[in-house]
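Below is one structure, written out as structure tokens; comments come after it.
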Amino acid sequence: MKNGEILHKSENISKKESSSKELLNIKDIYEFAKTVNIDDVREVIQRQIDYNSAIAEEEIKNDWGEAVGKTSLEIGDESIRTKAIAYAAAGSYARMNGCALPVVINSGSGNQGIACTMPVCVYAREMGLDNDKLIRAMVLTDLIAVNQKNI
């Protein structure tokens with residue numbers, strides 16, 4: 001609904017009287033990530049990718065605090081694993097050391113939002129995945145993180 005106007009109505013949605021833990025499970029999260037209309041989530045997920053990647057890149061290019069991300073790339077190997085860890089650390093360290101770039105949070109935490117975003121973005125980039133696959137992977141990652149936080 002937007003401005004009082006119904007934009008989409010589905011006949012197959014059933015309302016359950018149960019806790020959010022029962023409604024948010026890995027099987028349904030995975031199915032949702034595979035089938036969600038990508039245009040319904042593109043704007044918010046792309047913002048997450050753009051903002052959280054920008055702060056990670058900022059730490060890689062400039063020294064923020066201990067420059068953990070930048071240093072990890074310099075002394076680590078060239079594996080996707082090392083890059084994923086380095087970029088997640090980079091965004092968090094830049095943020096914790098005063099970088100004013102915005103981030104998109106997950107479950108109330110900016111660092112958790114970065115930790116959810118950067119490994120998936122690094123993997124997608126390294127594997128040459130298209131943006132739609134990245135967005136679906138981010139939907140999966142975000143919802144699994146919410147699920148884990150609520151357990």
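One-based numbering along the sequence shown.
Between M138 and C116, the shortest heavy-atom contact is CE-O, 3.9 Å. For the pair A115 and A88, the tightest heavy-atom approach, listed with the atom from each and the gap, is CA-CB, 4.4 Å. Across A86 and S72, no two heavy atoms sit closer than the pair CB-CB, 3.8 Å. Taking each heavy atom of V120 and A137 in turn, the nearest pair found is CG1-CB, 3.7 Å. Across W64 and A94, no two heavy atoms sit closer than the pair CB-CA, 3.7 Å. Heavy-atom minimum distance, N52 versus V104: OD1-N, 2.8 Å.
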**Message:** Run the side-chain contact (heavy atoms from CB on, under 4.5 Å) test on L73 and Y87 for me, step by step, so that the C-alpha distance in whole Å, both residues' side-chain angles and the decisive distance to 0.1 Å come before the verdict.
**Reply:** CA-CA 9 Å; L73 288 177; Y87 275 84; 3.8 Å; yes
**Message:** Determine whether S109 and N111 satisfy the following criterion, side chain to side chain donor-acceptor pair (under 3.5 Å), listing intermediate values before the conclusion.
**Reply:** CA-CA 5 Å; S109 167; N111 285 347; 5.7 Å; no
**Derivation of the side-chain contact (heavy atoms from CB on, under 4.5 Å) call for I80 and M127** = CA-CA 9 Å; I80 293 174; M127 299 304 293; 3.8 Å; yes
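R42 contributes atom CZ, which lies 9.0 Å from atom CZ of R136 (distance to the nearest 0.5 angstrom). One distance of note links SG of C121 with NZ of K83; it measures 14.5 Å at 0.5 Å rounding. Atoms CG and NZ, from D63 and K70 in turn, are 4.0 Å apart once rounded to the nearest 0.5 Å. Once rounded to the nearest 0.5 Å, the distance linking CD1 of I60 with CD of E57 reads 6.5 Å. Atoms CD and CG, on Q46 and L134 in that order, are 7.0 Å from each other to the nearest 0.5 Å. Annotation: the span from E31 atom CD to L140 atom CG amounts to 11.5 Å, rounded to 0.5 Å.
The main-chain N or O of K27 is found under 3.5 Å from a side-chain atom of N25 such that the two form a donor-acceptor pair. In terms of modelled atom types and a separation under 3.5 Å, the side chain of E59 and the main chain of V68 share a donor-acceptor contact. A donor-acceptor pair is defined here as one N or O able to donate and one able to accept, closer than 3.5 Å; no such pair exists between the side chain of D142 and the backbone of N106.
One hydrophobic cluster holds both M118 and L101 under the rule that ILVMFWY side chains link at heavy-atom gaps under 4.5 Å. Grouping the Ile, Leu, Val, Met, Phe, Trp and Tyr side chains by contacts below 4.5 angstrom, directly or via other members, places V44 with I29. Residues I85 and M96 do not share a hydrophobic cluster, defined by chaining ILVMFWY side chains whose heavy atoms lie under 4.5 Å apart. Cluster membership for I135 and L129, using ILVMFWY side-chain heavy atoms within less than 4.5 angstrom, is not shared. Residues I144 and Y123 do not share a hydrophobic cluster, defined by chaining ILVMFWY side chains whose heavy atoms lie under 4.5 Å apart.
Around atom CZ of R125, more than 12 heavy atoms belonging to other residues, nucleotides or ligands sit under 6.0 Å away. Within 6.0 Å of CD on E43 lie no more than 12 heavy atoms contributed by other residues, nucleotides or ligands.
No side-chain heavy atom of L143 sits under 4.5 Å from any side-chain heavy atom of D28.
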